[in-house]
Amino acid sequence: MRITETKVPGAYRIAPDLITDRRGNFYEGLRTGLLEQATGRPFAPRQINYSLSRRNTLRGIHSVTIPPGQAKFVTCVRGALRDIIVDLRVGSPTFGVYDTNVLDAGSGLSVLVPEGVGHGFLTLTDDACICYVLSSEHVPGTQVDINPLDPDLALPWGADEPPLLSQKDAGAPTAAEAAASGLLATWDEALAAAAAAPPP
């Protein structure tokens, strides 16, 4: 398992070692001991979510307020998608910086999204399924939504036609509007939340 930090501090790309033979392949999708050793922070799963989407569906950009905070371990388990994370931590030296990966079921590539960092994806195939392993349970009213087409963020979705968005995502504020209204976590709050995450 190869774990490397992305352009967004505290966010990591996890590439498993595939064991391949004529039947297909096998890989470890998550080993928390290795993840914690590489990242220097605990990661204890508290909830697992899945979403299925048709091709050209755009979901995000989503985060969670602090408190409660929430880290996400994101994997595509069927099909393929363009996954984007963006630093939304006010005061971060990389505020607004994004990192892009193509996640697909064959590679097993995953991304660890830390507290305060936004996440979204565009599906590249029909019936694409993404799995979120979450460090905290869902708390109603704590989700932070940022418009994925925010012109200031200028995220490279690469859609070849207008993507399918929910009304909630299409009507979400820009990152600047969310920051001005106090919706976004600060850099210090996000670091403290990561350090205080409960051990497994």
### Query
So, for Ile85 and Ala11, which heavy atoms are closest and what is the spacing to 0.1 Å?
CD1-CB, 3.4 Å
### Message
Distance check, rounded to the nearest 0.5 Å: Leu58 atom CG versus Phe121 atom CZ?
### Response
8.5 Å
#### Entry: Separation between CG of Asn56 and CG of Asp160, rounded to the nearest 0.5 Å
6.0 Å
### Task
Please round to the nearest 0.5 Å and tell me the distance separating atom NZ of Lys168 and atom CD of Gln143.
4.0 Å
### Side-chain heavy atoms of Pro9 within contact of Asp87, under 4.5 Å
yes
#### Entry: Distance in Å, Asn101 CG paired with Leu81 CG, rounded so as to fall on 0.5 Å steps
10.0 Å
### Query
Counting heavy atoms not belonging to Arg54, are there more than 12 under 6.0 Å from its CZ?
no
### Query
Would you call the rings of Phe43 and Phe73 parallel, tilted or perpendicular, where under 30° means parallel and over 60° means perpendicular?
tilted
### Task
Using a cut-off of 6.0 Å, state whether more than 12 heavy atoms not belonging to Gln167 lie near its atom CD.
no
Could you list the donor-acceptor pairs under 3.5 angstrom formed by side chains in residues 149-158, with sequence neighbours left out?
| unit_1 | atom_1 | unit_2 | atom_2 | d |
| --- | --- | --- | --- | --- |
| Asp150 | OD1 | Asp152 | N | 2.9 |
| Asp150 | OD2 | Ala175 | N | 2.8 |
| Trp157 | NE1 | Pro148 | O | 2.8 |

### Task
Report the distance from atom CG of Leu34 to atom OG1 of Thr39, rounding to the nearest 0.5 Å.
10.5 Å
### Query
If you take all heavy atoms of Gly106 and Asp104, which pair is closest and at what distance?
N-OD2, 3.0 Å
Enumerate, atom names and distances included, each donor-acceptor pair closer than 3.5 Å involving a side-chain atom of residues 178-191, sequence neighbours excluded.
| unit_1 | atom_1 | unit_2 | atom_2 | d |
| --- | --- | --- | --- | --- |
| Ser181 | OG | Glu177 | O | 3.2 |
| Ser181 | OG | Ala178 | O | 3.1 |
| Thr186 | OG1 | Glu189 | N | 3.0 |
| Thr186 | OG1 | Glu189 | OE1 | 3.4 |
| Glu189 | OE1 | Thr186 | N | 2.9 |

### Query
When hydrophobic residues are tied together by side-chain contacts of less than 4.5 Å, even through go-betweens, does Tyr27 share a cluster with Leu30?
no
